[in-house]
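Just so you know, these numbers come straight off a predicted model, no measurement behind them. So that the names make sense, note that chain A is the first sequence line, chain B the second, and so on, each numbered from 1.
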Amino acid sequence: MDNDKDFENIESSSQKTEKRNFIRDIIDDDLKTGKYREVHTRFPPEPNGYLHIGHAKSICLNFGTAKDYDGLCNLRFDDTNPTKEDVEYVESIQEDIRWLGFDWGERMFYASDYFERLYDYAKTLIGAGKAYVDDLNADEIRRYRGTLTEPGKDSPCRNRTVEENLDLFERMRKGEFPDGSKTLRAKVDMASPNINMRDPVMYRILHATHHRTGDRWCIYPTYDWAHGQSDSIEGITHSICTLEFEDHRPLYNWFIEQLGIHHPRQVEFARLNLTYTVMSKRRLLQLVQEGHVSGWNDPRMPTLSGLRRRGYTPESIRLFADRIGVSKADSTIDVSVLEDCLRTDLNKRAARVMAVLHPLKLVIENYPDDLVEKLEAVNNPEDESMGTRKIPFSKTLYIEHDDFREDPPKKYFRLSPGAEVRLRYAYIVRCTGVVKDPNTGEITEVRCTYDPDTKSGSPASSRKVKGTIHWVSAGHAIDAEARVYDRLFNVPDPGGENWKESLNPNSLEMVKGCKVEPGLVVAKPQDRFQFERLGYYCVDDESKPGNLVFNRTVTLRDTWAKIEGK
RNA sequence: UGGGGCGUAGCCAAGUGGUAAGGCAGCGGCCUUUGGAGCCGCCAUUCGGAGGUUCGAGUCCUCCCGCCCCAGCCA
């Protein structure tokens, strides 16, 4: 409930007034004509991998649409292939959907719940002369299938009697035949221009242990056979799926019609593609297995667990799903859309804090040696209710290395010899010089003087200076590590066979020796902050008291980088 | 070249015969103790192309072009 409220607050204006898309048009029509009386959808993942942002689009669509129409959405695991599936995945999938903010109530199902029923349905089809046991092996089936331009030809087994088919099918179930030696096929049309109708396989023999049914079965339904009937059994009204299943729809309809059971309506939409990443399970699995990333939840991964660890919020992902819309046109969304959704959300709720990633010592020559002032800082200028805090200020500070240039370019508003800058929430200082390492020439310290009249909040503080920089007090700051993430790939579309060549070698920079304001001692994993002027960071799961680790979630919009880049 | 889909701005996307919403990106400006945020403005005489119907076409018709998917006992 809270989530919904927050979410609505994010997107205030025009966009959220009404979500329009072709699927809602279809539903409106079905409701109006009385084809269906309510809306019942389902999200049907195969538990063979972790969910990614593309699944999030589907989850938001299925759960979101059902909710908006006061309908229901089931979670169903399409677990028809025991050789690829695992409980590890069914657990992570549930966790990710819940985290995203959706709830399937008591309606969590498995296709394997229906194995017995599917078996009976199959016998019904056999009895009606609409399915047969085939002795052809995989290779032979492929050859008999024909090609895109030539029709297939009938299997020699196609005209077995009902009795023989029934007998053989029962013996398949009993385990009398080895893997791959027989299949049950639907008897449709080997000459159909739609290859999916050329007697598709319904059951294959697989002596494999299933993560739920164990060794009870040695024949398993194919997806094509199981999916539509599972939807039907659950009373699904709208089976929303991706485009590649569009030409399977005639087959699914055929099964349903032969069986005379509840007929869901399948609607297909275009799957999500995002720039600078890959989305296929095969490739994601490869990234994990070959060690290009640390795991499924590596913060650079487009998986929900990766995005979560990176610091993405469920609200930002739901907003994203809303903004990109749904259509049937193949599309690739610019990752900046996702990033903007995140900033929109975090800007309103992340507490501001000062952190220096690359510390450079700044000494205020005319500041008393032992004085420590507690200065008041605003926690979030976007939300007054988040209050203020006190931060210590002293003679020796750390500033960002980037915020000082000995030889500043034009329009550089930060510190340089002779220049004045505002120290955020503190004083205006003027740079008086630098101290260099006599051997390396490296700047080890910046010297400055401060103007005591310009303390933040005092009347004279209204004096304008061009720049404001962040800082921490050297004697009070605590150490931290920052993991600065960048896009996983160097190119917008890492497609083709050589996709791994465009992996970004600099997608992770470990920055040790960061200095952060003392209040952060209490930060716990998943806490999110805005490091002022730098970006949004969240505490990593590996972070421990005394060994703080922050992940950079996303940078702030950086106008200066843009100017300097030109 | 069989079948199924899809083409509206750099990227998405509304639009349902009445004169091209919105978002992201980009570009100007205002404002600012975050080069953040916010605010204002600009950004499609035209909807893949060509014909046709109509007083009127992104929407209807015809032809053409381009892109995606399908020949797993994967999903």
Side-chain angles (χ1 to χ4, degrees), chain A residues 11 13-15 17 20-21 25 44-46 48 78 80-81 83-84 134 136-138 141-143 145-152 179-180 182-185 192-198 200-206 220 222-224 226-227 241-250 268 270 275 281 322-341 343 347-348 352 354 378 381-382 411-414 422-426 428 454 456-457 461-470 492 530-535 555-564:
Chain A
E11 199 76 308
S13 57
S14 55
Q15 271 213 17
T17 48
R20 267 323 335 153
N21 62 52
D25 290 344
E46 182 191 16
N48 70 340
D78 269 337
T80 55
N81 186 351
T83 65
K84 292 190 175 169
D134 198 349
L136 259 31
N137 64 35
I141 285 182
R142 178 165 9 94
R143 278 188 310 224
R145 186 151 35 220
T147 68
L148 294 179
T149 51
E150 303 158 49
D179 287 4
K182 285 184 173 19
T183 57
L184 182 74
R185 293 231 256 163
S192 173
N194 181 346
I195 289 187
N196 298 298
M197 301 298 268
R198 319 240 262 233
V201 171
M202 296 167 63
Y203 277 92
R204 68 290 216 188
I205 300 172
L206 238 38
Y220 290 93
T222 57
Y223 174 88
D224 273 351
H227 191 81
C241 66
T242 43
L243 253 27
E244 67 270 25
F245 295 107
E246 198 150 18
D247 45 18
H248 292 236
R249 192 173 59 209
E268 309 85 7
T275 56
K281 278 187 188 175
D322 250 27
R323 281 192 184 173
I324 61 177
V326 190
S327 77
K328 297 188 69 157
D330 288 318
S331 64
T332 302
I333 308 293
D334 197 305
V335 70
S336 68
V337 177
L338 214 212
E339 291 174 346
D340 183 75
C341 290
R343 292 192 186 105
N347 176 49
K348 295 263 184 338
R352 272 60 168 172
M354 293 205 281
V378 172
E382 303 291 319
K411 294 203 204 161
Y412 185 82
F413 299 152
R414 285 112 97 148
R422 155 82 60 187
L423 293 176
R424 175 134 242 231
Y425 295 125
I428 292 173
T454 59
S456 188
S461 76
S462 60
R463 206 173 99 210
K464 301 291 180 207
V465 285
K466 276 182 292 189
T468 298
I469 65 174
H470 60 96
Q530 183 197 100
F531 287 179
E532 292 219 28
R533 301 208 309 130
L534 296 178
T555 61
L556 252 25
R557 207 175 261 109
D558 191 347
T559 312
W560 168 243
K562 219 177 278 174
I563 294 170
E564 203 185 23

Subject >> N-glycosidic conformation, B/G51 - syn within 90 degrees of 0, else anti >> reply: anti
**OP:** Verify, without hydrogens or angle tests, whether A/Thr242 (side chain) and A/Ala270 (backbone) share a donor-acceptor contact under 3.5 angstrom.
**Re:** no
Original post:
Between the base of B/U33 and the side chain of A/Ser456, is there a donor-acceptor distance below 3.5 Å?
Top reply: yes
**OP:** Could you check how far CG of A/Asp558 sits from C1' of B/G35, rounded to whole Å?
**Re:** 7 Å
Original post:
Which one, B/U33, B/G36, B/C70, comes nearest to the side chain of A/Arg352?
Top reply: B/G36
Subject >> A/Asp247 side chain, from C-beta outward: closest of B/U34, B/G5, B/C70 >> reply: B/C70
**OP:** Go ahead and name the base partner of B/C60; Watson-Crick or wobble counts if both distances stay under 3.5 Å, otherwise write none.
**Re:** B/G52
Original post:
Across the strands shown, which category fits A/Glu46 at heavy-atom distances under 4.0 angstrom: base, sugar-phosphate, nothing?
Top reply: sugar-phosphate
**OP:** Looking at every strand, decide which applies to A/Leu556 at a 4.0 Å heavy-atom threshold: base, sugar-phosphate, or nothing.
**Re:** base
**OP:** Would you indicate, yes or no, if B/G72 has its OP1 or OP2 atom less than 4.0 angstrom from a side-chain nitrogen or oxygen of A/Arg145?
**Re:** yes
Original post:
So, does the side chain of A/Glu382 form a donor-acceptor pair with the base of B/G36 at under 3.5 Å?
Top reply: yes
**OP:** Answer with yes or no whether A/Arg414 presents, from its side chain, a donor or acceptor under 3.5 Å of a partner atom in the base of B/G35.
**Re:** yes
**OP:** Take the protein atom CG of A/Asn137 and the nucleotide atom P of B/G72, then report the distance between them rounded to whole Å.
**Re:** 13 Å
**OP:** Please state whether the phosphate of B/U33, meaning OP1 or OP2, lies under 4.0 angstrom from any side-chain nitrogen or oxygen of A/Arg463.
**Re:** no
Original post:
In whole angstrom, what separates A/Lys562's NZ from B/C27's P?
Top reply: 5 Å
Subject >> Nearest non-hydrogen partners of A/Thr80 and A/Thr222, listed with the distance >> reply: OG1-C, 4.5 Å
Original post:
Want to settle it: does A/Thr454 or A/Val201 sit nearer the 5' end of RNA chain B, counting the closest nucleotide to each?
Top reply: A/Thr454
Subject >> Closest-nucleotide ordering on RNA chain B, the 5'-leading residue of A/His248 and A/Leu534 >> reply: A/Leu534
Original post:
Would a 4.5 Å heavy-atom cut-off, applied to side chains only, mark A/Met202 and A/Arg185 as touching?
Top reply: no
Original post:
How far apart are the closest heavy atoms of A/Asp247 and A/Asn196, and which atoms are they?
Top reply: O-ND2, 3.0 Å
Subject >> Length of the line joining A/Ile469:CD1 and B/U33:P, which is rounded to integer Å >> reply: 16 Å
Subject >> Atom-pair distance (CZ on A/Phe531; P on B/U34), nearest Å >> reply: 19 Å
Original post:
Does any nucleotide pair with B/G17 by Watson-Crick or G-U wobble geometry, both distances under 3.5 Å, and what is it?
Top reply: none
**OP:** Among the candidates B/U33, B/G23, B/U16, find the nucleotide nearest to the side-chain atoms of A/Lys464.
**Re:** B/U33
Subject >> Nearest to side-chain heavy atoms of A/Thr468, which nucleotide of B/C6, B/U33, B/U1 >> reply: B/U33
Original post:
With both distances under 3.5 angstrom, what nucleotide forms a Watson-Crick or G-U wobble pair with B/C6?
Top reply: B/G66
For nucleotides 57-60 of chain B, give me every protein contact, N/O to N/O, under 3.5 Å, one pair per line with atom names.
none

Original post:
Heavy atoms under 4.0 Å, any strand shown: does A/Gly180 hit a base, just sugar-phosphate, or nothing?
Top reply: base
Original post:
With sugar-phosphate meaning primed atoms plus P, OP1 and OP2, does A/Val465 contact a base, only sugar-phosphate, or nothing at under 4.0 Å between heavy atoms?
Top reply: nothing
Original post:
So does A/Thr222 get a side-chain nitrogen or oxygen closer than 4.0 Å to the phosphate oxygens (OP1/OP2) of B/C73?
Top reply: no
Subject >> Selection from B/C24, B/G2, B/C73 that lies nearest to any side-chain heavy atom of A/Pro193 >> reply: B/G2
**OP:** Mind checking A/Glu268 for me? I need base, sugar-phosphate or nothing, with any heavy atom below 4.0 Å counting as a touch.
**Re:** nothing
Subject >> NZ/NE/NH1/NH2 to OD/OE distance under 4.0 Å, A/Asp25 and A/Arg20 >> reply: yes
Original post:
Of all the nucleotides listed (B/G36, B/G2, B/G23), which has the minimum atom distance to the side chain of A/Thr149?
Top reply: B/G2
Subject >> Given B/A37, B/U33, B/G5, the nucleotide with the shortest approach to the side chain of A/Asn347 >> reply: B/A37
Original post:
In whole angstrom, what separates A/Gln530's CD from B/G35's C1'?
Top reply: 13 Å
**OP:** Give the minimum heavy-atom separation between A/Arg557 and A/Arg343, together with the two atoms involved.
**Re:** N-NE, 3.9 Å
Original post:
Is A/Ile324 touching bases, backbone alone, or none of the nucleic acid, heavy atoms closer than 4.0 Å?
Top reply: sugar-phosphate
**OP:** Might you work through the salt bridge (Lys or Arg N to Asp or Glu O under 4.0 Å) test for A/Lys328 and A/Glu246, ending with a clear yes or no?
**Re:** CA-CA 11 Å; A/Lys328 297 188 69 157; A/Glu246 198 150 18; 2.4 Å; yes
Original post:
So what does A/Arg142 hit on the nucleic acid, given a heavy-atom distance under 4.0 Å: a base, only sugar-phosphate, or nothing?
Top reply: sugar-phosphate
Subject >> Nearest-Å distance for atom pair CD/P, residues A/Glu339 and B/C12 >> reply: 17 Å
Original post:
Counting only distance, no hydrogens or angles, is the base of B/U34 paired donor-acceptor with the side chain of A/Arg533 under 3.5 Å?
Top reply: no
Original post:
What is the nucleic acid contact for A/Tyr220, judged by heavy atoms within less than 4.0 Å: base, sugar-phosphate only, or nothing?
Top reply: nothing
**OP:** Please tell me which of the listed nucleotides, B/G35, B/C24, B/U33, lies nearest to the side chain of A/Phe413?
**Re:** B/G35
Subject >> Sugar-phosphate only, base, or nothing, as touched by A/Leu184 at under 4.0 Å among non-hydrogen atoms >> reply: nothing
Original post:
Taking OP1 and OP2 of B/A75, is either one under 4.0 Å from a side-chain nitrogen or oxygen of A/Thr80?
Top reply: yes
Original post:
Is A/Thr147 touching bases, backbone alone, or none of the nucleic acid, heavy atoms closer than 4.0 Å?
Top reply: base
Subject >> Distance between P atoms of B/G10 and B/A44 (Å, rounded) >> reply: 10 Å
**OP:** Pick base, sugar-phosphate or nothing for A/Tyr412, based on heavy-atom distances below 4.0 Å to the nucleic acid.
**Re:** base
**OP:** Please state whether the base of B/G4 and the side chain of A/Asn194 form at least one donor-acceptor pair under 3.5 Å?
**Re:** no
Original post:
Just checking A/Thr332: base, sugar-phosphate only, or nothing, at a heavy-atom cut-off of under 4.0 Å?
Top reply: sugar-phosphate
**OP:** Decide, yes or no, whether a salt bridge links A/Glu564 with A/Lys411 under the criterion of side-chain N to carboxylate O below 4.0 Å.
**Re:** no
**OP:** Determine the contact category for A/Phe245: base if any of its heavy atoms lies under 4.0 Å from a base atom, sugar-phosphate if only primed atoms, P, OP1 or OP2 are that close, otherwise nothing.
**Re:** base
**OP:** Determine which nucleotide pairs with B/C31, using a 3.5 Å limit on both distances of a Watson-Crick or G-U wobble pair.
**Re:** none
Original post:
Between B/G72 atom P and A/Glu244 atom CD, what is the distance in whole Å?
Top reply: 16 Å
Original post:
If you look at every strand shown and take non-hydrogen atoms under 4.0 Å, does A/Lys281 touch a base, only sugar-phosphate, or nothing?
Top reply: nothing
Subject >> Identified pairing partner of B/G26, criterion: Watson-Crick or G-U wobble below 3.5 Å >> reply: B/C42
Original post:
Which one, B/A14, B/U34, B/A75, comes nearest to the side chain of A/Arg204?
Top reply: B/A75
**OP:** Check every atom of B/G35, B/A14, B/G36 against the side chain of A/Lys411 and return the nucleotide holding the closest atom.
**Re:** B/G35
